[in-house]
2 protein chains.
Amino acid sequence: MAKAKRPLKWQRDPEGMRLRILEAAKQEFSAHGLAGARVDRIAAKAGANKRMLYYHVGNKDELYLAVLEGAYDKIRSEERGLDLEHLDPPEAIRRLIEFTWNYFLCNPEFLSLLQTENLARAKHLKKSTKVKSMHSPFVEMIRTVVRRGVDSGDFQVAVDPVQLYISIAALSFFYLSNSATLSVIFGRDLLDKKAKDERLAHMSGLVLAALTGRSVELFEIAKAPKSRSAVVQTV
Amino acid sequence: MAKAKRPLKWQRDPEGMRLRILEAAKQEFSAHGLAGARVDRIAAKAGANKRMLYYHVGNKDELYLAVLEGAYDKIRSEERGLDLEHLDPPEAIRRLIEFTWNYFLCNPEFLSLLQTENLARAKHLKKSTKVKSMHSPFVEMIRTVVRRGVDSGDFQVAVDPVQLYISIAALSFFYLSNSATLSVIFGRDLLDKKAKDERLAHMSGLVLAALTGRSVELFEIAKAPKSRSAVVQTV
DNA sequence: CGAGAAATTAACCCGTTGGATAAATACTGT
DNA sequence: ACAGTATTTATCCAACGGGTTAATTTCTCG
């Protein structure tokens, strides 16, 4: 009822239409996966006639790929906006972890889309020259930061930047993308405020302790106030 | 052609039939997700008439839930078979990481099923009293091992066992479940032998370094031979 | 052996869904 | 103003896909 659409007279708006279609498609594909997504729902959500999808983007698969490319484009763009090279190495890594965590937290559709694409064994991504050319600036950033950290003595060990990049992503990604099943298994909500704060502290503590070798102060809840045994985390 | 099925005369085999159905369903759901799975394909793969699915298990959703419960049942069972409590703490953690890694590696359908279920926000799992009652023995195991490690001085810090459990799972899970897209992004096969060996070494090194504070020897490639700078990993 | 129950097959049903065709309407440049 | 093109709407449809109905075969046990 609130839908109120009176296409008695309509206007042209190709760019806007395309954007609305892609946004609606992102929602639909991330909520239902590729096979579960419904072309008609995308059209409805975009306030468009179904034909418009094919006219402006293409068939279901092409639409999906366009959404996926858009998602990678967005994260790469935000990654480039981050300047961590001038920070001291431990702080740079901490910021990197926080950025990753927050990005995933604020962009759950990105997680869903990646899950969906991996379920499809990256079948679509492989066809995208666009995405293949979008390299994350983080790998090189990590490489130089680790090198600096080792030189300065902050870090004990030179770790492969690709491995570290994957590990940092993994710690956030898995927690968030699997929060639904994990919450059921553990019988507690992993997404409430307290749990999320603890998770971020744990991840930062784990990675920084591994790199610096000085665990104790790092494993505390970030900026932990209160009277809490200095070493023991929420057991 | 090789399908050769002659149901001219057939035999009864309810238990066998049920097993074949569940196995075929596991394959289908993990390969295509819930929405992408085809009931007819499951029947065909099971060498059964479609009607049999409904007769022995139930509709598509019930079939899916049965598969999911079976998957959890299997991993819990293998987890219970592991006895790590008597090992010294660092070795226990290392073994735990190796078990997790190998289990995921050998049971890719489990990863896919979890991904699918999380895409559905654990909608089905929530309805399963069976799964909810299947607690992993690892959380308590980690709790006692960490306690022992702290007491013995092996570990620098008492970490929340749930967080550690999730982190260990995360490091393996993400790498494997997202290997398809990551391989495209990095332009190299993350699943070849060398890459997998390096990943396991990295994960063990990361977690044990964080816990013990002694990174150097732990970050080497496991049992690394050859002439390789002792500290630098595959940069 | 034979009747009733259990297991399996064969065939059909019907709403859904991705995609296509054709007609209508809104712009744009001349 | 108007011809031509770009954009949008209105309908249609054939294949698909989950689920069902009914008949058929096999087994069990008295």
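Note that this is a predicted model, so its numbers are computed, not measured.
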Please report, rounded to the nearest Å, how far the [atom2] atom of [N] is from the [atom1] atom of [X].
X	N	atom1	atom2	result
B/Met17	C/dA6	CE	P	17 Å
B/Glu28	D/dG18	CD	C1'	13 Å
B/Arg18	C/dA6	CZ	P	17 Å
A/Gln11	C/dT25	CD	C1'	13 Å
A/Tyr55	D/dA10	OH	P	17 Å
A/Met52	D/dT9	CE	P	6 Å
B/Arg12	D/dT24	CZ	P	17 Å
B/Leu53	C/dA7	CG	P	15 Å

Per-nucleotide protein contact along nucleotides 15-21 of chain C, 5' to 3', at a 4.0 Å heavy-atom cut-off (B base, S sugar-phosphate only, - neither), is --SBB-B
Is there a side-chain contact between A/Gln163 and B/Glu198, using heavy atoms and a 4.5 Å cut-off? yes
Please list, chain by chain and in numerical order, all residues satisfying side chain to side chain donor-acceptor pair (under 3.5 Å) with A/Glu85, sequence neighbours excluded. A/Thr144
Please check: side-chain N/O of B/Glu62 versus main-chain N/O of B/Asn59, any donor-acceptor pairing under 3.5 Å? yes
By nearest atom, which of the nucleotides C/dT9, D/dA6, C/dA6 is closest to the B/Trp10 side chain? C/dT9
By nearest-heavy-atom nucleotide on DNA chain D, the more 5' of A/Asp13 and B/Leu34 is A/Asp13
Inter-residue atom distance B/Arg76.CZ - B/Met134.CE, 0.5 Å rounding: 6.5 Å
Aromatic ring pairing B/Phe174/A/Phe173, orientation class (parallel under 30°, perpendicular over 60°, tilted between): tilted
Ring-plane angle category for A/Tyr175 and A/Trp101, please: parallel below 30°, perpendicular beyond 60°, tilted otherwise. tilted
Taking only the side-chain nitrogens and oxygens of A/His56, find out if one of them lies under 4.0 Å from OP1 or OP2 of D/dA6. no
Side chain to side chain contact (heavy atoms under 4.5 Å, CB included) involving B/Ser167 - partner list, sequence neighbours excluded: A/Leu171, A/Arg199, A/His202, A/Leu206
